[in-house]
Protein chains: 2
Amino acid sequence: MKTISLAIIEDNDIIQESLSTFLGGDPQFDLQLTAVSVEEFLSAVGGNPMLSPAVVLLDIQLPGMSGIEGIPHIKKLLPEVSIIMLTTFIESEKIFAALCAGACSYLAKSVSLLNIRDAIITVSQGGSYMSPGIARKVVEYFTPKTNKIDSPLTARQLEIVQCIVDGLSYKMVALRLNISLDTVRTHIKNIYQILEINSKGELIRKSLNREV
Amino acid sequence: MKTISLAIIEDNDIIQESLSTFLGGDPQFDLQLTAVSVEEFLSAVGGNPMLSPAVVLLDIQLPGMSGIEGIPHIKKLLPEVSIIMLTTFIESEKIFAALCAGACSYLAKSVSLLNIRDAIITVSQGGSYMSPGIARKVVEYFTPKTNKIDSPLTARQLEIVQCIVDGLSYKMVALRLNISLDTVRTHIKNIYQILEINSKGELIRKSLNREV
DNA sequence: TCCTCCATCCCATCAACATGTGATTGCCGG
DNA sequence: CCGGCAATCACATGTTGATGGGATGGAGGA
């Protein structure tokens, strides 16, 4: 088993010490550095090419730049790094912000050190570890607000919507579906009424958000 | 610990037997029924109001309706059910299709029975369990292809894009940002040039796909 | 300082879209 | 067999969007 190079960014002394003692003492890890802020981490790593952790444990609440804001900067410096977020809060907003920024795992701080160790190993193997509550929130993100099976739109109308979302103009929709331009217009008109919208933009948004 | 009511939909005899023996023998589970197809499951549950599993283990490959197609139907019959997908394949496409349809957990069949048991317990507690490889694919879905930090667009242009994505018309964008309609037009013009696109539709799609 | 980039604004034109009113056909259920 | 609904098509009018010009002031780098 190759050792996994690590870094910890955490401003809370107690937690940092607890993590570094536990992880630093484990022979399968190589704890390269700890920092109390993203800024400190960046300048340390930027000033020393020998420092190149494979995995970074990153707190969300940090003095200065927040963990989430820091992700792009860390990724810019270390494109291949895997980032595990640590947080006390389970808020959808932060979870998605972190994932969107490029984090690859998200753990509540309440999990045990053993779980954190597992997460590091999983992540370094190209996997991803998420605590159950967080995973559930992620899954809910995908779940459609409206089920295709009882969409307010008819099958034909859904076809029209799909064409629009595909970026086609009315004229092209008419061509693709072999109907007249006016028919397309009528369909769109009805769809707008049903969905209570009045522009292509809103239609595309609703469709992409699976609200149809 | 309350017992967790279960159903298994799996057409492979060996796997089904292995699952039902293991799970059925566990006192914390109440294996209510097994089926070899979604159709069979639906008619069994539809015809007997006493059958109302809290968790369904659902294979993806099934005779007749596929597991993914079946999800909306199952959800319609049992809105509160938690669905755990079982599959031999780890394909992004299927994973997302299943999650979008309303599955709340996704496991490779290669995982151990113990893992499946854990997953059931996790799910019934409102969590979600995903094997590491699958979780990673889900996470990758969120990861932006382009980093905000080096977006080709200026901050102001990103604001404009956000407004458009929010479904606003040029006029409304102008109002919201307190600039003239013509300025909005100019910005959009520049954005289109930079992104090499030429319609609102493409802009919204790119933005939602985080390609900006 | 000069030059470039950005944000702001104006004008003009044509294609595309939003919306209303109205009509025909075919299917399904009462 | 009739009424309702989905799907089809038509015409008309005004609005919005895409794209081409060109112009100005300010912030910041060479």
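Owing to the predicted nature of the structure, the values given are computational and were not obtained by experimental measurement. Chain letters run A, B, ... following the sequence lines, proteins first and then strands; every chain starts at 1.
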request  = List the steps and the verdict of side-chain contact (heavy atoms from CB on, under 4.5 Å) for A:Ser105 and A:Met85.
outcome  = CA-CA 6 Å; A:Ser105 231; A:Met85 302 303 291; over 6 Å; no
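- Atoms CD1 (A:Ile188) and P (C:dT19) sit 11 Å apart, rounded to a whole Å.
- One finds a salt bridge joining B:Glu159 and B:Arg156 here, because a Lys/Arg side-chain nitrogen approaches an Asp/Glu carboxylate oxygen to under 4.0 Å.
- For B:Gln193 and B:Lys200, each mapped to the nucleotide of DNA chain D holding its nearest heavy atom, the one lying further toward the 5' end belongs to B:Lys200.
- Ion pair B:Glu93/B:Lys137 not flagged as a salt bridge, since none of the NZ, NE, NH1 or NH2 atoms sits closer than 4.0 Å to an Asp/Glu carboxylate oxygen.
- The interatomic distance linking B:Ile164 (CD1) with D:dT16 (C1') rounds to 11 Å, in whole Å.
- The aromatic rings of B:Phe142 and A:Phe142 stand perpendicular to each other, their planes meeting at an angle above 60°, with 30° marking the opposite boundary.
- Side-chain atoms of B:Gln162 and B:Asp166 form a donor-acceptor pair, as typed in the model, at a separation below 3.5 Å.
- Between the side chains of B:Thr183 and B:Thr186, no donor-acceptor pair is found at a separation under 3.5 Å.
- For the pair A:Leu153 CG and D:dC5 C1', the computed distance is 15 Å after rounding to whole Å.
- A:Leu203 has its CG atom 15 Å from the C1' atom of C:dA16, to the nearest Å.
- Rounded to whole angstrom, the span from the CD atom of B:Glu202 across to the P atom of C:dA16 amounts to 14 Å.
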Polar pairs (N or O, both sides) under 3.5 Å between protein and nucleotides 5-15 of chain C?
unit_1 : atom_1 : unit_2   : atom_2 : d
C:dA7  : OP1    : B:Thr154 : OG1    : 3.1
C:dA7  : OP1    : B:Arg156 : N      : 3.4
C:dA7  : OP2    : B:Thr154 : OG1    : 2.8
C:dT8  : OP1    : B:Arg156 : NE     : 3.2
C:dT8  : OP1    : B:Arg156 : NH2    : 2.7
C:dT8  : OP2    : B:Arg156 : NE     : 2.9
C:dT8  : OP2    : B:His187 : NE2    : 2.9
C:dC9  : OP2    : B:Ser180 : N      : 2.5
C:dC9  : OP2    : B:Thr183 : OG1    : 2.9
C:dC9  : O5'    : B:Thr183 : OG1    : 3.3
C:dC9  : N4     : B:Thr186 : OG1    : 2.8

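- Between the C1' atom of C:dA16 and the CG atom of B:Asn198 lies a distance of 13 Å, rounded to the nearest Å.
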